[in-house]
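Just the heavy atoms: all of them, side chains too, but no hydrogens, waters or symmetry mates, feed the values below.
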Amino acid sequence: MKLRTEIVSGAEEEIIIRTPELNEKTERLLRLISSALGSVSELALGYNGEEHFVPISELLFFETDGDRLCAHTAERMYSCSLRLCELHKLLPSTFVRASKSCIANTAEVSSISRSLSGVGTVSFRGTHKTVCLSRMYYKSFHDTIEETRLKK
């Protein structure tokens, strides 16, 4: 992989990634760049018919429940009007898919237990809430946790 910077006076800032295929490494790079450029710091979420502005740092995970999307903090469950794939693009790189129906904040994970079948359970700090970690997403989830822990 080559890294190149061109300084052109009067040009609009632009980041171009040329790749033969969109793979996990490239997607992770895109998320890191997006979070470095400044993603949203709060999300507008519904709770008891009211709109609450919740800091992203407080969110543990998002999961689909039928046709609705729920956002979880340690204390509450909010409703979200976005779709899971739209949300994934807005969130910082610490939010990673745990399963087809769940995105979890790896910065708030306290433990991962794995069964013989390969399915895991993710526990979060300061709460009893857990999510299932599917075999398909285990490696990328675990890699992101290692990166998050090394940053601190």
Reported [atom1]-to-[atom2] distance for the pair [X] and [Y], which is rounded to 0.5 angstrom:
X: C80; Y: H72; atom1: SG; atom2: NE2; answer: 11.5 Å
X: R76; Y: E58; atom1: CZ; atom2: CD; answer: 10.0 Å
X: C70; Y: M77; atom1: SG; atom2: CE; answer: 4.5 Å
X: D143; Y: K139; atom1: CG; atom2: NZ; answer: 4.0 Å
X: E42; Y: F53; atom1: CD; atom2: CZ; answer: 7.5 Å
X: C102; Y: D65; atom1: SG; atom2: CG; answer: 12.0 Å

[Y] side chain reached by [X] side chain, heavy atoms, under 4.5 Å:
X: V54; Y: L43; result: no
X: L90; Y: F95; result: no
X: T94; Y: I145; result: no
X: F61; Y: K129; result: yes
X: V109; Y: S123; result: no

Of all heavy-atom pairs between [X] and [Y], which one has the smallest distance, and what is that distance?
X: G126; Y: A74; answer: O-CB, 4.0 Å
X: A71; Y: L45; answer: CB-CD1, 3.8 Å
X: F62; Y: L59; answer: CZ-CD1, 3.4 Å

With side chain to side chain contact (heavy atoms under 4.5 Å, CB included) as the test, would you mind laying out the steps for L87 and L69 before giving the verdict?
CA-CA 10 Å; L87 191 60; L69 180 65; 3.7 Å; yes
For S101, all residues meeting side-chain contact (heavy atoms from CB on, under 4.5 Å), sequence neighbours excluded:
T64, S99
Going by the rule side-chain contact (heavy atoms from CB on, under 4.5 Å), which residues pair with S57 if we only count those two or more places apart in sequence or in a different chain?
P55
side-chain hydrogen bond (donor to acceptor under 3.5 Å, both in side chains) partners for E50, two or more places apart:
H52
side-chain contact (heavy atoms from CB on, under 4.5 Å), paired with L60, selected from N105, T127, V131, T130:
T127
Looking at L91, T106, I103, which hits side-chain contact (heavy atoms from CB on, under 4.5 Å) with V96?
T106
Assess whether atom CD1 of I16 is packed by more than 12 heavy atoms of other residues, nucleotides or ligands within 6.0 Å.
yes
Indicate, with yes or no, if F141 and V119 share a hydrophobic cluster defined by side-chain heavy-atom contacts under 4.5 Å among Ile, Leu, Val, Met, Phe, Trp and Tyr.
no
Report yes or no: is the cationic atom of R114 (NZ for Lys, CZ for Arg) under 6.0 Å from the centre of the six-membered ring of Y138, at an angle within 45° of the ring normal?
yes
